[in-house]
Amino acid sequence: MLAPEQIEAFSRLPVLLKHCQDPWWIIGGAGLLLHGVPVQLKDVDVLLSERDAVALQQRLNLPNVADRCSDRFRSKIFLKLEAPIPLEFMGDFSVATKEGWHILVPRTRQRFCAGHFELWVPDLTEMISILEMFGRNKDTKKRALALNHLMASTQ
């Protein structure tokens with residue numbers, strides 16, 4: 001069950017993203033939480049196409065805070081909307097892999113209904129793969145929680 005501040009954060013997304021021309025996804029801890037994985041929610045990470053991120057930036061008059069300082073992640077557009085649970089929007093989000101930079105575009109899109117709004121998340125198996133690709137310590141821990149949840153739900 002979602003806490004009131006989590007519901008408030010998620011409820012803002014359909015309004016903010018209703019003009020998107022391309023699919024969008026919630027990933028990271030927020031995506032896992034929607035799948036029922038017990039994680040602490042610190043922010044909501046949303047993947048967008050570059051054109052949808054630019055349009056959102058213009059509509060909300062937010063600065064692009066993409067900095068290219070990470071050797072593991074980068075986005076052409078990175079927008080942060082401060083709130084009790086911050087909303088982070090990543091346009092053309094890329095992950096460094098052994099083969100080079102890879103733009104993350106999930107193959108699956110699972111719908112979750114929370115109240116009167118729809119949210120989109122990669123399926124749990126793909127979320128687990130994404131966390132493995134990210135490879136950080138915190139991602140490895142979330143991946144283990146997600147695997148345990150997946151195993152428990154299939155028994």
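- Ring centroid separation for the pair Phe112 and Phe10 does not come in under the 6.0 Å cut-off.
- Partner Asp139 forms a side chain to side chain donor-acceptor pair (under 3.5 Å) with one of Lys141, Arg136, Arg143 and no other, that one being Arg136.
- For the atom pair CG of Asp52 and CG of Asp92, the computed distance is 10.0 Å after rounding to the nearest 0.5 Å.
- Note that CD of Glu50 and CZ of Phe93 are 15.0 Å apart. Values are rounded to the nearest 0.5 Å.
- Side-chain contact check for Asp43 versus Leu87: every heavy-atom pair is 4.5 Å or farther apart.
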*asked:* Evaluate Lys80 against Leu62 for side-chain contact (heavy atoms from CB on, under 4.5 Å), listing each step before the verdict.
replied: CA-CA 8 Å; Lys80 190 167 187 171; Leu62 292 172; over 6 Å; no
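- Of the inter-residue distances, the one linking Leu81 atom CG with Ile85 atom CD1 reads 12.5 Å to the nearest 0.5 angstrom.
- Note that the NE2 atom of His149 and the CD1 atom of Ile128 stand 9.0 Å from one another [nearest 0.5 Å].
- Within 6.0 Å of CZ on Arg111 lie no more than 12 heavy atoms contributed by other residues, nucleotides or ligands.
- Side-chain atoms of Pro63 and Leu79, non-hydrogen and from C-beta on, never get closer than 4.5 Å to each other.
- To the nearest 0.5 Å, the span separating CG on Leu145 from CG on Leu33 amounts to 11.5 Å.
- Looking at heavy atoms from C-beta onward, Thr140 lies out of side-chain contact with Leu131 at the 4.5 angstrom threshold.
- Taking a 6.0 Å sphere around CD of Glu82, one finds it holds more than 12 heavy atoms contributed by other residues, nucleotides or ligands.
- Within the 4.5 Å cutoff, the side chain of Leu104 has no heavy atoms near those of the Ser94 side chain.
- Taken from CD in Glu88 to CG in Leu47, the straight-line distance is 11.5 Å, to the nearest 0.5 Å.
- With a 4.5 Å cut-off on side-chain heavy atoms, Leu32 and Lys142 count as touching.
- Considering only heavy atoms from C-beta on, Leu56 comes within 4.5 Å of Phe89 through its side chain.
- Using a 4.5 Å cut-off on side-chain heavy atoms (C-beta onward), Asp45 and Ile26 make no contact.
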